[in-house]
Amino acid sequence: MTTSAEAKVIPLRPREQRPAAAPPPPRPVEAPAVELPAEPDLMTRMLEFVRSRLTGAYEVDEFGFDAELTETLVLPPLRLLYEKWFRVSTHGIDNVPKEGGALIVCNHSGTLPLDAMMTALAVHDEHPERRHLRMLGADLVFRTPVLSALARKSGQTLACAADAERLLSSGELVGVWPEGFKGIGKPYSARYKLQRFGRGGFVAAALRTGVPIVPCAIVGAEEIYPKLADLKPLARLLGLPYFPVTPFFPLLGPLGAIPLPTKWTIEFGEPIATDEYAPEDVDDPMLVFGLTDQVRESIQQSLYERLAHRESVFKG
């Protein structure tokens, strides 16, 4: 009798239940992008400048200041000197008022007045309001052809009390270098020693208008053209206050006129208030002389402090 083998039945395993796929995370809602207005490039600014010149659609104030021309043609080449050649470090810019008039008083040096131009650029580029510094210039500037017109258009005016008071009263920043030619033309042996500040005419202008006086100390300009001697007969012949002799000029001719790449520091000190005085106090010579000495001493002390921490002329 034959018996058939029964196949062993292997029960099937139930199919593993796979977990349901999780729903995809919600896509984040992207905020709409806010596009900031881009700074116009150089070519665009130049085209706008040319168009405004051709159409006459530009403004000039009563002193001849042309802000558009200054920002388009005057400041860019100075900015190269400021950033690349002298590598200027600016300190205390918060001491310069954000609005309203103020008188910025600086030491003067360097044989050529590059310190004044670097200070004006520091005020414009470093100040949050990008204010223009209206500089008071000497008579020689406004007697020189071409230079006179350029000085007027870039915001300079004659160093006289009337012009200074009008500018301060209208809320402008005014820059003054009271050492004058005595400071800018002093010999290298007298570097960083402040010369006489005159009779205090700048203090009287500040008192009459009630604006603060901001002392400003500039280190580095003394060494750009080390003045070793003065050819006075040649200076008189040319109608100049001095004719400098430096280690490279006039020996190297035009090449000797290239300034040395010293490291500069411009420091704006604590403002000195004048609005606490009465209008008639401007006639008190002792008060005027006292404030003049206070400003001078403030600048001199700042110079000494900066020089004490300076490692070298070219590295700062």
Side-chain angles (χ1 to χ4, degrees), residues 52 56-75 78 92-106 108 113 116-139 141-142 147-178 180 197-216 266 268-283 287-288 291-292 295:
S52 67
Y58 62 93
E59 297 181 354
V60 177
D61 73 3
E62 59 179 309
F63 292 92
F65 175 49
D66 188 333
E68 183 187 41
L69 182 144
T70 299
E71 295 181 1
T72 305
L73 298 183
V74 178
L75 295 186
L78 295 179
I93 194 65
D94 291 340
N95 290 321
V96 179
K98 292 184 178 180
E99 58 182 14
L103 186 66
I104 298 179
V105 183
C106 316
H108 212 8
M117 291 181 278
M118 293 299 103
T119 305
L121 186 62
V123 170
H124 181 271
D125 283 10
E126 309 291 350
H127 196 278
E129 301 299 324
R130 299 181 72 84
R131 303 190 67 181
H132 288 283
L133 183 64
R134 309 298 296 273
M135 297 179 286
L136 302 183
D139 295 353
V141 174
F142 299 99
L147 179 60
S148 173
L150 181 60
R152 287 285 185 189
K153 290 183 180 296
S154 61
Q156 299 184 47
T157 189
L158 190 63
C160 65
D163 284 1
E165 291 173 22
R166 285 169 61 197
L167 286 168
L168 292 171
S169 298
S170 60
E172 298 285 351
L173 292 178
V174 176
V176 62
W177 287 258
F197 267 24
R199 299 180 181 180
F202 66 92
V203 169
L207 285 171
R208 288 192 180 95
T209 54
V211 302
I213 301 173
V214 180
C216 177
I266 299 178
F268 299 94
E270 291 286 339
I272 299 172
T274 63
D275 55 358
E276 59 190 29
Y277 298 101
E280 59 270 14
D281 290 338
V282 72
D283 298 321
L287 173 64
V288 173
L291 285 174
T292 302
V295 175

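Just the heavy atoms: all of them, side chains too, but no hydrogens, waters or symmetry mates, feed the values below.
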Give the intermediate values and the outcome of side-chain contact (heavy atoms from CB on, under 4.5 Å) for residues Met118 and Leu78.
-> CA-CA 7 Å; Met118 293 299 103; Leu78 295 179; 4.1 Å; yes

Supply the atom-to-atom distance [X] [atom1] to [Y] [atom2], rounded to the nearest 0.5 angstrom.
X	Y	atom1	atom2	value
Glu172	Phe65	CD	CZ	7.5 Å
Thr274	Asp281	OG1	CG	10.5 Å
Arg152	Leu147	CZ	CG	11.5 Å

Give a yes or no on whether Glu99 atom CD has more than 12 heavy-atom contacts from other residues, nucleotides or ligands under 6.0 Å away.
->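 Not more than 12 within 6.0 Å, no.
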
More than 12 non-hydrogen atoms from neighbouring residues, nucleotides or ligands closer than 6.0 Å to CD on Glu59, yes or no?
->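 Incorrect, the count does not exceed 12.
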
Which residue pairs satisfy the salt bridge (charged side-chain N to carboxylate O under 4.0 Å, His left out) criterion with at least one member in residues 62-71, sequence neighbours excluded?
->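 Residue pairs with at least one partner in residues 62-71: Arg53-Asp66, Arg53-Glu68, Glu62-Arg166.
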
Taking [Y]'s backbone N and O only, do any of them form a donor-acceptor pair with [X]'s side chain (distance below 3.5 Å, no angle check)?
X	Y	result
Arg134	Val174	no
Thr157	Ala164	no
Ser170	Leu167	yes
Asn95	Gly269	yes

Closest approach of [X] to [Y] (non-hydrogen atoms, all atoms of both residues):
X	Y	result
Ser154	Thr70	CA-OG1, 3.3 Å
Cys216	Phe268	SG-CE2, 3.8 Å
Phe142	Ala151	CE2-CB, 4.1 Å
Ala122	Ile93	O-CD1, 4.2 Å
Ser52	Tyr58	O-CD2, 3.3 Å
Cys106	Thr119	SG-CG2, 4.1 Å

CA sep, side-chain torsions, deciding dist, call: Val60, Leu69, side-chain contact (heavy atoms from CB on, under 4.5 Å) | CA-CA 10 Å; Val60 177; Leu69 182 144; over 6 Å; no

Working for side-chain contact (heavy atoms from CB on, under 4.5 Å), residues Lys98 and His127 = CA-CA 8 Å; Lys98 292 184 178 180; His127 196 278; 4.1 Å; yes

Taking the side chain as everything from C-beta on, heavy atoms only, tell me whether [X] gets closer than 4.5 Å to [Y].
X	Y	answer
Leu291	Val295	no
Asp125	Arg130	yes
Val123	His132	no

Atom pairs and distances, donor-acceptor, side-chain atoms in residues 198-214, under 3.5 Å, two or more places apart:
unit_1: Arg208; atom_1: NH1; unit_2: Glu165; atom_2: OE2; d: 3.1
unit_1: Thr209; atom_1: OG1; unit_2: Ala205; atom_2: O; d: 2.8
unit_1: Thr209; atom_1: OG1; unit_2: Ala206; atom_2: O; d: 3.4

Aromatic ring pairing Trp177/His108, orientation class (parallel under 30°, perpendicular over 60°, tilted between) | tilted

